[in-house]
Protein chains: 2
Amino acid sequence: MISPESRRIVSRRTRPAKSPLSQEAIVSTALELLSREGMAGLSLRKVAAALDTGPASLYVYVADLNELHVLVLDRVLGEVELPPEQAGDWRNRLKALLRSYFGVLLARPGLAQVALSTIPSGPNMMALTEALLSLLAEGGVDLRRAAWAIDLLLLQTAAVAAEQDNRRSQDESELARVAEAVHSVSAEQHPNIHALGDELVSGKGDRHDWALDVLINGVLSTPRP
Amino acid sequence: MISPESRRIVSRRTRPAKSPLSQEAIVSTALELLSREGMAGLSLRKVAAALDTGPASLYVYVADLNELHVLVLDRVLGEVELPPEQAGDWRNRLKALLRSYFGVLLARPGLAQVALSTIPSGPNMMALTEALLSLLAEGGVDLRRAAWAIDLLLLQTAAVAAEQDNRRSQDESELARVAEAVHSVSAEQHPNIHALGDELVSGKGDRHDWALDVLINGVLSTPRP
DNA sequence: ACCTGAACACCGTTCAAGT
DNA sequence: ACCTGAACACCGTTCAAGT
């Protein structure tokens, strides 16, 4: 009988560079590809190729592409920084937490889209959820309202991240098309759009902070029906 | 020289069922496929097949898949109902307008995702934008703040629609996985999640109205920095 | 100018066959 | 139990050749 140790040594000698397949290795490789190539790199075939195997081999560890998305997302959510209690009042800590979530989603191209199209349930998402709930509770929001509020806050943050990521990856001609459409409306047809002009298309970068204040103020002043 | 009329008659006789290719015909066909098959039906190859031609033929009228998305989205936005002035105060009309937008996005599976990943600039989007701006102006929101607010309102509405569409198209096992994750946390680890339980995963359907009030209240009480 | 067939470079997923 | 090659049923896009 061959012990596990000797088996490992033999396999190391014959194929020194190839680590054994595992869900963890698959997720790590997928994350590397996502960081380098964006959403386009996050394919089962590319992950398999990077691990020097065929795509069929991955199905032992991962049910389908959607499960890979869920796993990659939760892995990355481990990078979200939960603010310490000394970091200010609950509102500032809440905003810091959501800004960290925002930054993590924007750090990899395409990740925000993944966050919008999957329903994560991993341990890191649970930790983030719990932290948000307890910050809102500290702010005097009752728990049932907080449950609805964190959905709103997480969804809005992911959506803004996805929008900015789109803008980043789209060529300039797309943005020029929008700007042209806005400028070509007449004052009679659409007076408000005409009056705003560039204000409607430019400077989308620094609105997230304002958006967070809008949401927090709104949550504080709007009880559940 | 052959007049357009005689040319049309000849072409009718030889190929009675096949309408001539045009951007309009392509968008209509794409919309039919989207309604029937969802996002999976919205492919250039399927549109071409439905029009009885090869995929290469479409590139005369449409630059790429993204442009088709933009065109389909703006076509559908024509169905959004702009509320008449008699329909109540500005707040109720604003909510009615966004609910109409919400309903249009949800009427076709996958359309909300399209709305989140494209930057529309067609005439129907302009009309919707103008209507939102003028309703907010009526509510006393200054125009510069309104410009930021409508981004927030449109993005949130599309994101909630996309989330509900996801939920609808995903199999129940996905939702069961989330519910299981929530129920399996201990009271010591995550007391707030534990206390909420099902409240966190169920009844996501009727929150959009509350979300709209949160956003409107937030916008009213949060000036631009 | 418009249309087409064929090709290129990809996808996710399944399945029978191997170890 | 795990891995694999090969196949199936798709994609978007390009290009040379036709009309």
Side-chain angles (χ1 to χ4, degrees), chain A residues 1-2 4 7-8 10-11 14-15 17-26 29-30 33-34 36-72 110 113-114 117-118 169-171 173-174, chain B residues 1-2 4 7-8 10-11 14-15 17-26 29-30 33-34 36-72 110 113-114 117-118 169-171 173-174:
Chain A
M1 188 193 155
I2 302 167
R7 268 189 78 251
R8 182 144 50 88
V10 168
S11 91
T14 37
R15 324 190 68 170
K18 188 174 174 181
S19 57
L21 236 46
S22 68
Q23 195 179 75
E24 212 211 321
I26 289 169
T29 306
L33 286 166
L34 180 71
R36 268 208 309 276
E37 306 177 31
M39 199 74 151
L42 196 47
S43 86
L44 287 172
R45 292 187 101 104
K46 281 188 179 157
V47 170
L51 289 167
D52 197 25
T53 183
S57 307
L58 306 186
Y59 283 83
V60 179
Y61 304 97
V62 149
D64 53 21
L65 185 64
N66 185 61
E67 185 175 316
L68 182 61
H69 284 162
V70 171
L71 293 168
V72 165
Q113 275 290 344
V114 173
S117 62
T118 68
S169 63
Q170 230 133 39
D171 34 31
S173 66
E174 286 292 294
Chain B
M1 189 193 156
I2 302 166
R7 268 191 76 252
R8 183 144 50 86
V10 168
S11 93
T14 37
R15 325 190 66 169
K18 188 175 176 180
S19 56
L21 237 45
S22 68
Q23 195 179 76
E24 213 210 322
I26 290 169
T29 306
L33 286 165
L34 180 71
R36 268 209 308 275
E37 305 177 31
M39 198 73 152
L42 195 48
S43 86
L44 287 171
R45 292 188 100 105
K46 280 189 180 157
V47 170
L51 288 167
D52 198 24
T53 182
S57 307
L58 305 186
Y59 283 83
V60 180
Y61 304 97
V62 149
D64 52 21
L65 185 63
N66 184 61
E67 185 176 315
L68 182 60
H69 284 163
V70 170
L71 292 168
V72 165
Q113 275 290 342
V114 173
S117 62
T118 69
S169 64
Q170 231 133 39
D171 33 32
S173 66
E174 286 292 292

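Chain letters run A, B, ... following the sequence lines, proteins first, then strands; residues in each count from 1. Please read these numbers as outputs of a predicted model, since none were measured by experiment.
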Problem set entry | With A:S57 via side chain to side chain contact (heavy atoms under 4.5 Å, CB included) - residues at least two apart | A:L21, A:T53
For this session: Return the set of residues passing side chain to side chain contact (heavy atoms under 4.5 Å, CB included) with B:S43 (not counting sequence neighbours), or none when no residue passes.
Result: B:R45, B:K46
Seminar exercise, completed: Nearest heavy-atom approach of B:L44 to B:D64 is CD1-C, 4.5 Å
Exercise. Which dot-bracket string describes DNA chain D (Watson-Crick N1-N3 plus N6-O4 or O6-N4, or G-U N1-O2 and O6-N3, all under 3.5 Å; [ ] crossing; | other strand)?
Worked result: ||.|||||...|||||.||
Problem set entry | Over all atoms of both residues, closest heavy-atom pair of A:A50 and A:T29 | CB-CG2, 3.5 Å
For this session: Quick one: closest heavy-atom pair of A:V70 and A:T118, and the distance?
Result: CG2-CB, 4.0 Å
Exercise. What pairs with B:S22 under side chain to side chain contact (heavy atoms under 4.5 Å, CB included), at least two apart in sequence or on another chain?
Worked result: B:E24, B:A25
Problem set entry | Separation of atom CG in A:L58 from atom P in D:dT4, rounded to whole Å | 10 Å
For this session: Test side-chain contact (heavy atoms from CB on, under 4.5 Å) on A:V72 and A:V114 and set out the steps.
Result: CA-CA 9 Å; A:V72 165; A:V114 173; over 6 Å; no
Seminar exercise, completed: Under a 4.0 Å heavy-atom criterion, the protein footprint on nucleotides 6-19 of chain C, written with B, S and -, is -B---BBBBB----
For this session: Quickly work out the B:Y61 OH to C:dA1 P distance and round it to whole Å.
Result: 12 Å
Exercise. In whole Å, what separates the P atom of C:dC10 from that of D:dA9?
Worked result: 22 Å
Problem set entry | Residues which pass side chain to side chain donor-acceptor pair (under 3.5 Å) with A:N66, listed by chain and number, not counting sequence neighbours | B:E174
